[in-house]
Each structure stands twice: as C-alpha cells, then as structure tokens.
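Worksheet: the structure to be examined is printed underneath.
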Amino acid sequence: MSKQLHREKILAIKPYVPGKPVEEVERELGISGVIKLASNENPLGPAPAAIRALQDMAATVSVYPDGNCYYLKEALANHLGVTPANLIVGNGSDEIIKMIAEAFLDEGEEAIVADPTFSEYDFAVKVMGGRTIVVPTKDLTHDVDAMVAAITEKTKLLFICNPNNPTGTKVGKAEITTLMERVPAGVIIVFDEAYYEYVMDEDFPQTIEYVKAGRDVIVLRTFSKIYGLAGLRIGYGVSTPELIGMISRVKEPFNVNLLAQAAALAALNDPAYVTESRQVNEEGKDYLYQEFTRLGLAYMPTHANFIWVQIKADCQRVFAKLLRLGVIIRTGDIFGAPDVIRVTVGTSAQNKRFIEALAAVLTEEGVIG
Ligand SMILES: *Cc1c(COP(=O)(O)O)cnc(C)c1O
C-alpha cells in the first residue's frame with residue numbers, strides 16, 4: 001500500500017476559487033469599462049505619494065527588503081502611540097492571521113468566529129488542524145455573549161472582525177469592555193480592524209488600549225483598504241511584545257517586499273488622502289442608502305466601505321446579469337445568504353452605474369415594478 005502524500009487535515013479546506021481577471025471578463029463579454037465593486041478596494045486608487053514612492057524605489061528591487069520593516073514600524077509606532085516591539089508587519093494582514101494560527105494553535109485546539117464573517121480565520125485554523133467554532137451573528141452583528149459562552153478549555157483564539165466583513169456591522173465599546181472582563185486567561189482575542197479608518201461612529205472601541213494594558217489581544221490593520229495598496233500586500237498586527245515575539249518565530253525572514261514597505265510609509269504620511277477617501281465613502285454610502293430605499297431594498301447600515309443588501313432575488317442570477325452589464329459584486333450565498341449581495345462603495349460615477357444596472361436587473365427579475 002502506498003502512503004498518502006497529503007496531510008489528512010488539509011482535506012477540510014475547500015480550494016479557493018478565484019474570479020477571472022477583469023480584463024478577461026471584458027474580453028469575453030466584448031465590453032470595456034467593467035467596474036469591480038467586489039473586494040472593498042479604495043476606488044480612488046493609491047495615494048499619489050505612494051505611487052511616487054514606488055517609482056522612486058523601483059530601481060532598488062535587486063536587493064532584499066528590510067526583514068524587520070524598521071522605518072515602517074517606527075512610523076506606525078508613532079502613529080499608534082506604541083513601540084516598534086508592539087508591531088509585526090505582514091504580506092497582507094491575511095499572512096498575519098495565518099501566522100497567528102501557526103504560532104498559537106495546536107491540532108485539535110479551538111478558535112471561535114462569528115457567522116458570517118471573514119473566511120480567512122477558518123482557513124488559517126484548518127491549515128493547523130484546529131477546530132473552528134462558529135457562533136451565528138444576531139441581527140448580522142457579532143453575538144459577543146454567545147461567543148464568550150462558547151469558550152472551552154480548548155479555546156486559544158477568538159476573532160472579532162470589527163467592522164464585520166461582510167455585514168458592515170460593528171461591536172461597540174460596552175460590549176468589548178464586557179468581553180475583555182469575561183475572557184479567561186489563555187484565550188487570545190484577535191480584533192481584525194481592516195476597515196478601522198472608515199469608522200465614523202464615536203462608539204467604537206479603542207482596542208490598542210488593551211495592548212498597552214498588557215492584555216492578550218492582537219489588533220490587525222491593513223494598507224489594503226482605505227490606503228489603497230491591496231495589490232502590494234501589506235498589513236500589520238499590534239500586540240504585546242511577548243505575543244509579537246511568538247508570532248515573529250513563524251515569520252518568513254523577508255515576508256514584506258521592498259516596494260510595499262516604501263509605499264505604506266508614504267501612504268501613512270499622507271493623512272489628507274485618508275480623509276478624502278473617507279469623505280468619498282460617506283457620500284457614496286448616503287447615495288446608495290437613498291437609492292436602495294427608493295428601490296424598496298433592505299440594507300444594513302455600514303461602518304465600512306461595503307454594504308450588505310437584500311435583493312429579494314437569487315444572488316447568483318443577479319450576479320450573472322450585473323456582470324453582463326459590466327458590474328462585479330460579491331454574492332451572499334458564500335456567506336449563507338442567497339438573497340443578498342455585498343457591494344463595495346465606489347466613486348459617485350461607479351455607484352450610479354451600479355444602481356442603474358441593479359435597477360435594470362431587478363426589474364427583469366420582477367422584484368421591482
Ligand atoms: C480585506 C480584509 C483584510 C485585509 O487583508 P489583507 O491581507 O491585508 O489584504 C483583513 N480582514 C478583513 C476582514 C478584510 O476584509
């Protein structure tokens with residue numbers, strides 16, 4: 001009998017099914033100007049300062065990057081009021097999620113996540129042969145009480161995606177305070193705040209304070225969203241020097257490329273671009289809310305740059321029809337909601353085009369008259 005080549009545990013992971021490149025979609029449909037409102041990218045693109053940094057650094061890519069991200073960590077420490085020892089930088093925050101599982105999760109140990117939420121947590125847990133304990137959301141919001149109640153002897157990690165992807169909901173200060181009072185020793189709370197810079201609500205927890213207080217928490221942020229650098233892959237984690245030290249043990253020596261470091265540093269030093277991006281997002285939200293209401297569609301008010309919308313029709317059919325009109329959105333079926341779509345807030349021109357296409361499709365579907 002020949003021995004099995006793969007680890008048994010990886011069979012629990014469904015292979016990722018990538019979408020086609022936008023250019024390929026355009027070629028197949030024979031149209032141009034397809035807009036992608038599916039991945040919560042900044043519709044304004046990267047900050048001009050980041051583009052200049054990339055151009056300036058292009059000729060230096062023959063050398064390895066700084067494996068410690070020295071200058072970026074200094075700038076981030078300054079920006080966040082922490083020290084460089086509180087920081088780890090990753091090839092996207094996705095990589096940090098995976099490193100967290102590698103550093104802290106033994107086979108058979110448990111991680112608690114909401115449902116629906118970002119799929120990367122479950123992926124990282126499964127790679128390590130851990131168990132994901134899924135706790136349904138309440139009104140599309142993390143049910144923090146139920147998540148705490150799900151903690152067992154085997155629980156190592158508890159993920160709070162705040163604001164939550166895909167629903168756009170937030171967990172407020174009081175609930176996080178209660179969570180931090182009730183979480184037992186031995187459980188690390190991971191706050192994934194990929195959309196932190198989009199949050200306008202005053203009632204949003206300042207979780208880095210828990211890091212400063214020495215609690216076992218890890219805060220994740222990214223340059224992929226409001227900073228407009230998704231294609232470069234760079235994000236960071238903020239935690240205690242002890243936990244950062246443990247995560248660093250599983251880090252590849254040169255995990256963050258040289259161009260990404262330079263662009264992130266430039267983007268961080270351009271706060272006006274963040275402000276402008278937030279403003280465009282707020283205007284887009286207002287417009288989309290108003291249009292959804294006009295079309296009689298229920299939506300979840302968002303704290304991020306994407307909206308969860310009930311379309312009263314099959315999301316896969318709506319996806320296919322929107323695609324033919326040159327608009328790409330995310331379907332809700334992957335999150336267990338077959339009559340929902342998640343749409344990224346675009347520029348005002350993109351939002352208008354999306355609404356026109358959606359109205360046409362839903363008219364055809366008989367949802368609106
Ligand atoms: C987009 C996103 C990330 C960011 O991933 P990167 O790897 O930094 O691009 C992390 N968490 C959530 C919830 C996200 O939506």
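These numbers come from the heavy atoms of this one structure, side chains and all, not from hydrogens, waters or symmetry mates. Read the numbers this way: they start at 1 and go in the same order the structure lists the ligands and their atoms. Numbers here simply count residues along the sequence, with the first being 1.
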- Message: Does ligand 1 come near enough to T222 that some N or O of the ligand is less than 3.5 Å from an N or O of the residue?
- Response: yes
- Item | ring pair (Phe, Tyr, Trp, His ring centres under 6.0 Å): pairs with one or both residues in residues 74-132, sequence neighbours excluded | F118-Y121, Y121-F159
- Note on the structure: Under 4.0 Å from one or more heavy atoms of C161, ligand 1 contributes atoms 13 (C)
- Item | Per-atom contacts of ligand 1 with G92, taking only distances under 4.0 Å to non-hydrogen atoms | 6 (P), 7 (O), 8 (O)
- Item | Atoms in ligand 1 with a heavy atom of A194 nearer than 4.0 Å | 2 (C), 3 (C), 10 (C), 11 (N), 12 (C), 14 (C)
- Message: Regarding atom 5 (O) of ligand 1: of the candidates G231, S93, G235, which has the closest heavy atom?
- Response: S93
- Item | From F223, Y227, Y236, Y195 - option closest to atom 15 (O) of ligand 1 by heavy atom | Y195
- Message: Taking the basic N atoms (NZ, or NE/NH1/NH2) and the acidic carboxylate oxygens, is any pair closer than 4.0 Å for D192 and R221?
- Response: no
- Side chains of T167 and N164: is there a donor and an acceptor less than 3.5 Å apart? yes
- Return the option from K225, E41, R233, R221 holding the heavy atom at the smallest distance from atom 2 (C) of ligand 1. K225
- Please check if the side chain of K126 supplies one atom and the backbone of L11 the other of a donor-acceptor pair under 3.5 Å. no
- Could you list the atoms of ligand 1 found under 4.0 angstrom from a heavy atom of S224? 6 (P), 8 (O), 9 (O)
- Plane angle bin for F292 and F354 - parallel if under 30°, tilted between 30 and 60°, otherwise perpendicular: perpendicular
- Test K98 against E120 for salt bridge (charged side-chain N to carboxylate O under 4.0 Å, His left out), laying out the working first. CA-CA 8 Å; K98 201 168 172 202; E120 199 65 21; over 6 Å; no
- Task: Pick whichever of D192, T117, N91, L220 has a heavy atom sitting closest to atom 11 (N) of ligand 1.
- Result: D192
